[in-house]
Amino acid sequence: MKAIDSGRIRSCAARASIVVLAILAATGDAAAAGLVPRSLGPTTSAIVAIEKNYAPGTIVVVTANRTLDLVISQGRAIRYKIGVGRDGFRWSGIVKVGRKAEWPDWRPPAEMKARAAGLPDLVPAGPLNPLGARGIYLYKGGTDTLYRIHGTNEQSTVGGFASSGCFRMSNADVIDLYERVKVGSTVIVK
């Protein structure tokens, strides 16, 4: 995989909100604080025509457009709106779906913990977990890349450049994608 943007602009507000939500989720005080999301977010999927022919089941992410296409037949795909990596965290390459999880827990990588002091070692599954309702884990050569296609509890970041390299979807969209995609599927990130 190659980086396609070398800048390291970081959003302190976004980091702070992740830290606060992670701590509240870990301590169980999130519901009392009124932070539990009340919906799965919008459904953004649409059937679109695509120019290049990919095998059905292939996922094509176009970072610049902030879209994820799941190829359903020759020349057709289901397109979803996604959030992508912020400056310095965008990447491209070809990976595979290595595993899938419903309501996954989240273990922030060491690099992320170094950037955002106060992140816990584990954020348990649930509505305040940053991975949302589903996690689709991306692997290269049989090794976890630590990148995910996942839901989010921060719906406002979908459609933007906000993540550390993962692809964020509304929880409604990621549930739909999760049901359609198979472990072993090819993911092309442009």
Side-chain angles (χ1 to χ4, degrees), residues 1 4-5 11 14 17-18 21 37-87 89-106 125-140 144-190:
M1 287 177 226
I4 60 173
D5 193 338
S11 167
S17 68
I18 289 173
L21 288 174
R38 299 290 180 210
S39 83
L40 294 174
T43 301
T44 67
S45 63
I47 305 293
V48 298
I50 55 175
E51 291 182 19
K52 191 165 180 180
N53 287 322
Y54 297 101
T58 301
I59 293 173
V60 181
V61 173
V62 180
T63 302
N65 296 342
R66 294 167 315 282
T67 58
L68 180 151
D69 291 351
L70 174 63
V71 179
I72 55 175
S73 65
Q74 190 172 25
R76 292 178 19 143
I78 301 172
R79 179 165 291 162
Y80 303 91
K81 180 179 174 180
I82 62 170
V84 300
R86 63 187 182 271
D87 287 343
F89 292 93
R90 285 176 233 142
W91 58 277
S92 61
I94 299 174
V95 294
K96 298 278 187 181
V97 172
R99 75 180 189 95
K100 305 183 329 179
E102 295 184 24
W103 292 103
D105 58 12
W106 179 53
L128 292 180
N129 185 301
L131 296 185
R134 303 291 184 271
I136 299 169
Y137 295 71
L138 305 179
Y139 281 60
K140 184 160 184 101
D144 188 352
T145 65
L146 301 181
Y147 295 120
R148 316 279 184 252
I149 299 168
H150 63 81
T152 184
N153 54 29
E154 292 185 282
Q155 183 57 45
S156 64
T157 65
V158 174
F161 297 94
S163 78
S164 294
C166 289
F167 305 110
R168 295 179 183 177
M169 305 176 78
S170 74
N171 283 322
D173 280 347
V174 80
I175 289 169
D176 182 65
L177 178 66
Y178 181 94
E179 295 300 322
R180 296 172 186 273
V181 73
K182 295 180 178 14
V183 171
S185 296
T186 299
V187 180
I188 301 167
V189 180
K190 300 178 176 187

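Worth knowing before you read on, the calculation uses all heavy atoms, side chains too, and leaves out hydrogens, waters and symmetry mates.
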Next item on the list: Would you please test Phe167 and His150 for side chain to side chain contact (heavy atoms under 4.5 Å, CB included) and show each step?
Entry: CA-CA 6 Å; Phe167 305 110; His150 63 81; over 6 Å; no
Suppose we screen for side-chain contact (heavy atoms from CB on, under 4.5 Å). Which residues come up paired with [X], at least two apart in sequence or across chains?
{"X": "Arg66", "value": "Val84, Phe161"}
{"X": "Ala172", "value": "Leu40, Thr43, Ser170"}
{"X": "Arg180", "value": "Leu70, Ile78, Tyr80, Asp176"}
{"X": "Lys96", "value": "Thr186"}

Please report the shortest heavy-atom distance between [X] and [Y], naming the atom on each side.
{"X": "Leu177", "Y": "Met169", "result": "CD2-SD, 3.6 Å"}
{"X": "Ile50", "Y": "Arg76", "result": "CG1-N, 3.8 Å"}
{"X": "Arg86", "Y": "Ser164", "result": "NH1-OG, 3.4 Å"}
{"X": "Arg148", "Y": "Leu131", "result": "CG-CD2, 4.4 Å"}
{"X": "Thr145", "Y": "Lys140", "result": "CG2-N, 3.7 Å"}

Next item on the list: Look at the aromatic rings of Tyr147 and Trp91 and report parallel, tilted or perpendicular, splitting at 30° and 60°.
Entry: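 Taking Trp91 first and then Tyr147, their aromatic rings lie parallel (interplane angle under 30°).
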Checklist line | All side-chain hydrogen bond (donor to acceptor under 3.5 Å, both in side chains) counterparts of Tyr178, not counting sequence neighbours | finding: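 Result, side-chain hydrogen bond (donor to acceptor under 3.5 Å, both in side chains) vs Tyr178: none returned.
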Note to self: Are the side chains of Ile82 and Thr63 in contact, using a 4.5 Å heavy-atom criterion?
What the structure shows: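 SC-SC contact between Thr63 and Ile82 ruled out.
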So, [X] side chain and [Y] main chain: donor-acceptor pair closer than 3.5 Å or not?
{"X": "Thr152", "Y": "Gly132", "value": "no"}
{"X": "Asp69", "Y": "Val71", "value": "no"}
{"X": "Asn171", "Y": "Asn153", "value": "no"}
{"X": "Lys100", "Y": "Tyr137", "value": "no"}
{"X": "Lys81", "Y": "Leu68", "value": "no"}

Notebook entry, point to check: Can you tell me how far CZ of Arg134 sits from CD1 of Ile136, rounded to the nearest 0.5 angstrom?
Noted result: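 The CZ atom of Arg134 is 9.5 Å from CD1 of Ile136, to the nearest 0.5 Å.
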N/O donor-acceptor pairs under 3.5 Å from side chains in residues 53-61, not counting sequence neighbours:
from	atom 1	to	atom 2	distance (Å)
Asn53	OD1	Gly75	N	3.4
Tyr54	OH	Lys190	NZ	2.9
Thr58	OG1	Ala55	O	2.8

Note to self: Does either side chain, that of Ser163 or that of Arg168, offer a donor lying less than 3.5 Å from an acceptor on the other one?
What the structure shows: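 Note: Ser163 and Arg168 side chains miss the donor-acceptor criterion.
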Notebook entry, point to check: Among Asp144, Val183, Val95, Val97, whose side-chain contact (heavy atoms from CB on, under 4.5 Å) with Tyr139 holds?
Noted result: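 Exactly one candidate clears the test, Asp144.
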Margin query: Pair Leu138, Ile149 - check side chain to side chain contact (heavy atoms under 4.5 Å, CB included), show working.
Written below: CA-CA 8 Å; Leu138 305 179; Ile149 299 168; 4.2 Å; yes
